[in-house]
Amino acid sequence: MSHEHKIYLRKIRQEKIFIHFCQFLLLFLLLGIWQFAADKGIIDSFISSSPSKVWDTILSLYDSGTLFHHIWVTTYETILGFFMGMTLGVLVAVILWWFPNVAKVLDPYFTVLNSLPKVALGPIILIWCGANQKSIILMAMLISVIVAILNIYQGFQKVDSQKIKLMKSFDANKWQICFYLIFPNSKKNLMETLKLNISMCLIGVIMGEFLVSKEGIGYLIMYGSQVFNLNLVISGVVLLSLLATVLYTVISFIEKIYIKKD
Amino acid sequence: MNNILNIQNLKKTYHTKEKETIAVEDFSLSLADGEFVALVGPSGCGKSTILSILSGLEEKTDGTIIYQNKKMGYMLQTDALFEWLTILDNCLLGLKIKGELTDEKREYVISLLKKYGLGDFLNSYPSHLSGGMRQRVALIRTLAIKPDILLMDEPFSALDYQSRLAISDDVFHILKEEKKSLIMVTHDIAEAISMCTRVIVLSKRPCTIKKEFLISLTDFSTPIENRKAKEFSHYYEEIWKEIDHES
Ligand SMILES: Nc1ncnc2c1ncn2[C@@H]1O[C@H](COP(=O)(O)OP(=O)(O)O)[C@@H](O)[C@H]1O
Ligand SMILES: [Mg+2]
């Protein structure tokens, strides 16, 4: 390795460390200002809470033994809704690809469903399935499945026509075209859809927990707002951001392993 | 001479919502064993259509094709390599799809790859290969199913001039050595004359045969050398004059 290259690499590393430093600094600064303002009475900590109160709230949730229960419930619902949404999404996308006429018939319905804010369906689902976990998971699935179908199907259609021609010149049947060409060709697209959908599912789950209001992080937030305990509300939001980050990181990690070849 | 392929009065009409397009009006061709034939003509005249019909991708509208039990190998305009498969797996694709993959055939494909300078790349991915090498892989993928007649649709048009010269030499050698016959579509007259012993000039759409040239060059050898033959420029001019150039 030449001297210049070493200097170059060092510079890159230093830059990276600096960026991380700034990111943490910003966090501490924000938390510090927030805490300071609350302590000095500049803001009303009853409605805006404070970092130390959020921390205390989370600790007391932990002491009462319910912290991980709520986190787990939300995680479980999200993952279940996610798997169901993705499975159904792939399945329907394959059907649409296989039968172009079905795709044509359903096209306007998908357009409507896609632009419809799925939140609006929440109360209906609640009435049909009852105020229970089933409703929450169904909501998460519903919110993610339409986007999944449309995304995956679009990915399927992006296949190079020359490659299809090639497969046909080898007398490939539809199954073979699907498994040898369409699926592997859509790998990147599938991964993108996974990432998009995990956040969609989380939205669905929180929405569901708001409505069902029994357990989970969404319930904590809802309950906190009903009893005007802002500490609990903000603790819930903090927990939710952490969970969202973890889920996203896990998916990105899976993506890295899966696409590492190229 | 015994013909391995007879095409009589081939006709092809495409139907689309807007209109009906007669792509091929009347095309006949008899191909002798081991013969290399080039089809040249203005773009959009129906050349690809003819190859698509011969390879079974399109239905003919009318006419007869007698294959004499010969197998077709279609080499497309782009290499269409699958980026997620290794070079070897790309070449085995046709055999896998046809369910004909045996150890013996795998060895045959590996031997082809080795013979034609790709031995070090069996387990590489297409993105690591140059354009010319990719074309060679595409050719070997076609040869893997042991076709008797190769159909090539402007196979080198995506390459730069230098690589084109080199790969046309390669392909020529490979096909001669493996004793294949060739029907090649090209818009490059020089390529046609230097590789093929017969050049068929097609009219503009709907396509019919305008004129056939039998190419005989003194010291006929490889495509690159053939370009130096003294008859070369004469043929070039004659063929050029026959093609309906868009004005
Ligand atoms: N699948 C198709 N449907 C309708 N028209 C087609 C189709 N394929 C080709 N054509 C038309 O047929 C004519 C010949 O096309 P093609 O064989 O690709 O020409 P070439 O290869 O000589 O450039 C063109 O006018 C083209 O628009
Ligand atoms: Mg063409």
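Every value quoted in this text rests on a predicted model; they were computed, and no experiment measured them.
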Less than 4.0 angstrom from a charged side-chain N to a carboxylate O is my criterion; do B:E25 and B:R205 meet it?
no
Please look at A:Q162 and chain B and tell me whether the side chain, the backbone, both or neither of the residue comes under 4.5 angstrom of a heavy atom of that chain.
both
Whether A:N197 side chain and A:M200 backbone form a donor-acceptor pair below 3.5 Å
no
Count the heavy-atom pairs under 4.5 Å between each of B:M75, B:H128, B:K96, B:M72 and chain A, then report the option with the highest count.
B:K96
Could you list which of residues 72-82 of chain A have a heavy atom closer than 4.5 Å to any heavy atom of chain B, in residue-number order?
none
Taking the side chain as C-beta and beyond, is there a heavy-atom pair between A:K118 and A:M139 under 4.5 Å?
no
Would B:K12 pass as a cation-pi partner of B:Y14, given that its NZ or CZ must be under 6.0 Å from the six-membered ring centre and within 45 degrees of the axis?
yes
So, the side chain of A:N132 versus the backbone of A:K134: is there a donor-acceptor pair under 3.5 Å, distance only?
yes
Is any side-chain heavy atom of A:L27 less than 4.5 Å from a side-chain heavy atom of A:Q23?
no
Is there side-chain contact between B:L165 and B:F156, with at least one heavy-atom pair below 4.5 Å?
no
Is it true that, when you exclude B:K204 itself, more than 12 heavy atoms of the residues, nucleotides or ligands shown sit nearer than 6.0 Å to its NZ?
no
Exercise: identify the closest heavy-atom pair between B:P223 and B:M195:
CG-CG, 3.7 Å
Do A:Q157 and A:Y153 have a side chain donor and acceptor closer than 3.5 Å?
yes
Measure from the side-chain N and O atoms of B:T186 to the backbone N and O of B:D188, and report whether any donor-acceptor pair falls under 3.5 Å.
yes
Which portion of A:N185 sits near chain B, non-hydrogen atoms under 4.5 angstrom
both
I need the contact set between residues 132-151 of chain B and chain A: heavy-atom distance under 4.5 Å, sorted by residue number.
B:R141, B:I145
Test side-chain hydrogen bond (donor to acceptor under 3.5 Å, both in side chains) on B:T86 and B:N123 and set out the steps.
CA-CA 5 Å; B:T86 61; B:N123 297 314; 4.7 Å; no
A:W97 six-ring centre to A:K174 NZ/CZ under 6.0 Å and within 45° of normal
yes
Under 4.5 Å heavy-atom distance to chain A, tell me which part of B:L85 shows up: side chain, backbone, both or neither.
neither
Residues of residues 163-170 of chain A with a heavy atom under 4.5 Å from any heavy atom of chain B, in residue-number order, are A:K163, A:K165, A:L166, A:M167, A:K168, A:S169, A:F170
Given 3.5 Å as the limit, does a donor-acceptor pair link the side chain of B:N90 with the main chain of B:F82, or not?
yes
Using atom types as modelled and distance alone, determine if a side-chain donor or acceptor of A:S186 lies under 3.5 Å from a backbone N or O of A:N189.
no
So which residues of residues 47-65 of chain B are in contact with chain A at a heavy-atom cut-off of under 4.5 Å?
B:S52, B:L57
NZ of B:K176: more than 12 outside heavy atoms within 6.0 angstrom?
yes
Is any side-chain heavy atom of A:H3 less than 4.5 Å from a side-chain heavy atom of A:I7?
yes
Working note: B:L175 + B:M152, criterion side chain to side chain contact (heavy atoms under 4.5 Å, CB included); need CA distance, chi angles, decisive distance, verdict.
CA-CA 12 Å; B:L175 294 186; B:M152 294 191 180; 3.7 Å; yes
